[in-house]
Amino acid sequence: MVLKRISEWRKLPVALSELCIDTTLRCGQSFRWQKINDEWVCTLHGRILSLKQDSTHLHYKVTWPEQSLKGSPAKQKLAPKAEDDTQALLHHYFSLDLDLSSLYEQWSNVDPNFRKKAPTFTGVHKLCKHYGPLIAHIDGVPFYDFPKPDDLTGNGVESNLRELGFGYRAKYIAETARIVAHEKPSNWLETLRNPDNPGFSSQLKPDARNSTYKEAHEALLALKGVGPKVADCVCLMGLGWGESVPVDTHVWQIAQRDYKFGKKAKTFNKAMYDAVGDHFRDLWGKYAGWAHSVLFTADLKAFSDQSLMKEETHGVSIKEELIETNGIVSPKKRKLVETKTVTVKPEPGVEEIKLATEGEGDAKRRRTRSRGRA
DNA sequence: ACGAAACCTCCAAG
DNA sequence: ACTTGGAGGTTTC
């Protein structure tokens with residue numbers, strides 16, 4: 001008979017900003033971790049470690065080697081003692097002594113490139129933390145909801161946002177919040193929604209007239225800091241307009257390469273922007289925006305796979321190729337994968353981000369609607 | 001054919 | 001990476 005000894009789940013307080021096992025264990029620097037039923041599992045120092053993580057803790061469980069009961073009593077005595085070192089093992093394995101936040105700050109301070117490239121998803125959290133309502137604490141961690149436009153209309157908002165790292169966006173956010181909160185009817189945003197796709201908690205007045213997609217897009221364009229691409233992101237992910245196609249540089253390249261756009265005139269102006277979107281709407285119909293996001297993602301994946309292939313085929317030594325095929329992933333690919341996730345899976349917060357930055361500017365149009373010259 | 005307004009393209013900067 | 005806004009050129013009326 002064999003005895004499998006498995007510990008209870010234990011937990012270690014770790015902030016996600018200090019360790020994210022989903023990122024870390026996939027990063028290509030460790031090769032033996034497997035994700036099984038939502039747990040990360042690996043053998044390490046004579047035991048199997050199972051890991052789970054929530055926003056405040058790393059949870060771990062240990063499975064010790066199977067043993068015959070006939071085994072020496074001495075061995076069985078050793079095990080519990082060894083078990084005590086698992087927390088220390090994790091601590092060591094993940095270098096939890098290091099304060100990652102401080103290191104990021106330090107590296108960012110001495111290297112603008114690092115500051116620019118290193119993934120920090122703190123902006124939205126900062127906005128919530130400083131201007132949103134506190135909902136509750138969980139395990140001592142405060143959770144703030146997304147601020148309403150009116151929460152961002154105070155006096156020092158712009159300079160405050162600047163301090164928080166919002167840069168040139170500070171001005172746009174502050175100004176737009178003021179316009180939405182004070183100069184627009186309270187249901188203005190609602191009137192821009194797709195009536196066929198109501199918001200989660202929208203209460204549209206029965207008599208309110210809804211805009212068309214084009215009207216919503218144009219209304220958003222009037223806001224300073226909101227160009228056609230951002231307006232379409234808001235329309236698609238925030239306001240329920242499935243036909244909205246955000247055209248960024250990447251989509252523009254797809255349009256040129258696969259849909260024969262801009263073959264003669266390479267200039268990308270508003271007329272061209274609209275033409276690309278119109279073409280995809282014509283081609284794909286009502287949910288063109290979601291179709292576009294599929295192609296967008298597929299293209300990113302193809303691109304990253306291709307660059308991986310390139311690296312492999314250019315590998316000068318067998319060793320390098322082995323490492324490559326063993327799963328080392330270039331930083332570029334990791335970045336792209338992250339981008340993909342953000343693009344394809346609009347998380348609940350997305351809608352609110354959009355809402356907080358919406359509001360119509362002055363009546364005068366900032367952008368011409370003219371088509372290119374005849 | 002002229003002058004002004006409208007419009008466009010380019011580009012730097014945030 | 002996207003948007004603004006100014007300079008300077010072109011088109012329209």
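Side chains included, hydrogens not; waters and symmetry mates left out as well; all remaining heavy atoms used. Chain identifiers are assigned alphabetically (A, B, ...) following the order of the sequence lines, protein sequences preceding nucleic acid strands; residue numbering begins at 1 within each chain.
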- Message: With rounding to the nearest 0.5 angstrom, report the CZ to OG1 distance, A:Arg5 to A:Thr63.
- Response: 10.5 Å
- Message: If you count every heavy atom of other residues, nucleotides or ligands that lies below 6.0 Å from A:His45 atom NE2, does the total exceed 12?
- Response: no
- Rounding to a whole Å, what distance do you find between A:Leu221:CG and C:dC2:P? 15 Å
- Atom pair CZ/CZ of A:Phe261 and A:Phe280 - distance to nearest 0.5 Å: 6.5 Å
- Message: Could you tell me how far apart A:Lys270 (NZ) and C:dT3 (C1') are, to the nearest whole angstrom?
- Response: 13 Å
- Given atom CG of A:Asn269 and atom P of C:dT10, what is their separation to the nearest angstrom? 17 Å
- Nearest-nucleotide comparison on DNA chain C, the residue closer to the 5′ end among A:Tyr168 and A:Tyr172: A:Tyr168
- Closest to side chain of A:Lys224, choosing from C:dG5, B:dG14, C:dT3: C:dG5
- Separation of A:Ile173 atom CD1 from C:dT3 atom P, in whole Å? 14 Å
- Query: What's the CE-P distance between A:Met272 and B:dT9, to the nearest Å?
  - Reply: 9 Å
- Counting heavy atoms from C-beta on, name the nucleotide in C:dG5, C:dC2, B:dT9 closest to the side chain of A:Thr249. C:dC2
- Note on the structure: To the nearest angstrom, the CZ-C1' distance between A:Arg169 and B:dA13 comes to 13 Å
- Integer-rounded Å distance: C:dT3 C1' and A:Lys171 NZ: 12 Å
- Query: Can a salt bridge be assigned to the pair A:Glu158 and A:Arg162 using a cut-off of 4.0 Å between side-chain N and carboxylate O?
  - Reply: yes
- Please state how far atom CH2 in A:Trp252 lies from atom P in C:dA1, giving the value in whole angstrom units. 16 Å
